[in-house]
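Contents: one structure, followed by commentary.
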Number of protein chains: 2
Amino acid sequence: MSQRTVISLESIRVACKNCTLSSLCLPMGLAQEDVERLDDIVKRARPLHRGDFLFREGDKFRSLYVVKTGSVKTFAPSQEGGEQVLGFHLPGEIIGLDAIDKDVHACSARILETSAICEIPFARLEDLTANIPSLQHQMYRLLSKEISQDTDMLLLLGKKNAEERLAAFLLSLSQRLHKRGLSPLDFYLSMSRHEIGNYLGLAVETVSRLFTRFQEDGLMQVDRKHIQLLDLPALEALVKGVGQGRDKQQQPG
Amino acid sequence: MSQRTVISLESIRVACKNCTLSSLCLPMGLAQEDVERLDDIVKRARPLHRGDFLFREGDKFRSLYVVKTGSVKTFAPSQEGGEQVLGFHLPGEIIGLDAIDKDVHACSARILETSAICEIPFARLEDLTANIPSLQHQMYRLLSKEISQDTDMLLLLGKKNAEERLAAFLLSLSQRLHKRGLSPLDFYLSMSRHEIGNYLGLAVETVSRLFTRFQEDGLMQVDRKHIQLLDLPALEALVKGVGQGRDKQQQPG
DNA sequence: AAGAAATCTTGACCCAGATCAAGCGGTGAA
DNA sequence: TTCACCGCTTGATCTGGGTCAAGATTTCTT
């Protein structure tokens, strides 16, 4: 089994300080020596594959997980075997923050495409943050950012129609890929139409029709999982609700 | 102006250690001496009235706010002057956590009924948490809980129909009031039908019709803002989707 | 390489809930 | 006390997008 050797070499090479994601991830804004302290508690496993679970709903909460490469979806069970996709997670994004409070995972996380994942035992991280103020601050920011994102999603599900939702989804992906040094205009989807629809509160058929329509309208080129965005400004205009959302009136005090 | 005196007497009496909410709020699980340290940084203003703003979207983030008595709504602007109600906040609940990351409030908070509010300057709280591990832990828990709640709301907006949404809303209020020592079955709504609809992603008319229907079905008694829940089990059954939600199928790996 | 099983697309139809419209209290200002 | 306004209810109608159905592709098995 020479594989053990390969893995251990790998885990040296991929230390946080060498990671291209460090500006997006937990180490953001940390001093070099503090990054090394963080590095000491991070566990890096061999790559996981499509369909593998990072954790399941009901599992005891032990660690946070950070996507290093690849992508992951999180989802919660709804009634009677259905599920609600809660998010798609790209490199640098943290998974599991919602479980700190209850100490049990309320959602499951499943690998979408072959991925490398960093595991961060939470108890050790918490100790570390008590001694590194900038890391504590970073944790507050990450938790807060997660709340903001959920808030954006509430607005999307509460007020936007189908085409606004899909446009918002595409632009969100585009921007997040761009921050990671990838093309914002040309990318592959790692999730199915079904999963996109589930995430956006739409039926698969609606997603499919919208892809077709957006393509007809020259907003994008779709070939199976391969997406090319041709008209960002038009997509942005759609999200802003140029095509009208619901409930434009205020509530008086 | 003898009012100054009254206020300052008041602010002694209402210290966290005497507050009936301390088991729900930030002081939860803290040692007595640590509660006092927390107390030192909490500011208590005179009561605010319906329509007053705690903060507005775009304001610089300085403090977290905790409802002591009364209730508050938070809402984000959607496109073209509309708004999305993000939450209704009862005594013991913390407002403003979503602004830590960006350092600017992305939503507004407005008083629904005469309320007493505790203000906690965040910079000072952050210093304190770095020195009180149990307070740091409590902060992580509170942030995490906020994420879980948003997640529940995503499921509600993504998968539940109108009656499931309203039933879930009523039960959530009922449970939260119960935890605060109030009746879970008999209470007054501090928000309008319009605000409820906005929050749940429904039109006012739908909310109104559902109140009427729930009453006809013997689930509750409605008199204007006065609510009496008559059949909790039936409401719970509704939320669980006995009347069927959407998308019960799984997505294969 | 052939068959089986998903995934995706497209068309036809339908319905939950939005929108439009009208009327009814309740509440507050003068 | 009256009037005006706002919040709420109820009815009538409309529609975005869900559901059902049928193929077309693609991808997994063996």
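Chain naming here is simple, since letters A, B, ... match the order of the sequence lines and numbering starts at 1 in each.
Comparing C/dC8, D/dG18, C/dA18 against the side chain of A/Arg209 picks out D/dG18 as the nearest. Distance from the side chain of A/Lys225 is smallest for C/dC8 among the nucleotides C/dC8, C/dC20, C/dT9. Taking only side-chain atoms of A/Asn161, from C-beta outward, the nucleotide of D/dG17, C/dG26, C/dA12 with the closest atom is D/dG17. For B/Ala203, the side-chain atoms get nearest to C/dA18 when compared with the rest of C/dA18, D/dC8, C/dC8. Listed candidates were D/dA12, D/dC8, C/dT9. Nearest to the side chain of B/Ser208 is D/dC8. Nearest to the side chain of B/Arg193, among C/dG11, C/dG17, D/dT9, sits D/dT9.
For A/Arg180, the salt bridge (Lys or Arg N to Asp or Glu O under 4.0 Å) partners are A/Glu93, not counting sequence neighbours. For the side-chain hydrogen bond (donor to acceptor under 3.5 Å, both in side chains) test, residues two or more places apart in sequence or in another chain that qualify with B/His226 are B/Asp186.
Salt bridge annotation for B/Arg110-B/Glu83: absent, with no cationic side-chain nitrogen under 4.0 angstrom from a carboxylate oxygen.
Side-chain nitrogen and oxygen atoms of A/Thr212 include at least one within less than 4.0 Å of the OP1 or OP2 phosphate oxygen of C/dT10.
Spacing between atom CG of B/Leu210 and atom C1' of D/dC8 amounts to 14 Å, rounded to whole angstrom units. Going from atom CZ of A/Arg213 over to atom P of D/dG16 covers 10 Å, rounded to whole Å. To the nearest angstrom, P of C/dA6 lies 15 Å from CD of A/Glu195. Atom CZ of A/Phe211 and atom C1' of C/dC8 are 11 Å apart (whole Å). Taking atom CG of B/Asp223 as the reference point, atom P of D/dG7 lies 18 Å away to the nearest angstrom. If you measure from atom CG of A/Asn198 to atom P of C/dT7, you get 13 Å, rounded to the nearest angstrom. The separation between A/Glu113 atom CD and D/dT27 atom C1' is 17 Å, rounded to whole Å. Atom CZ in B/Arg50 sits roughly 11 Å away from atom P in C/dG28 (whole-Å rounding).
Using a 4.5 Å heavy-atom threshold, the side chains of B/His89 and B/Tyr65 count as separate.
Residue A/Glu205 is the one, among A/Glu205 and A/Arg224, whose nearest nucleotide of DNA chain D lies closer to the 5' end (criterion: closest heavy atom).
Taking the six-membered ring for Trp and thresholds of 30 and 60 degrees, B/Phe53 and B/Phe75 have ring planes inclined between 30 and 60 degrees apart.
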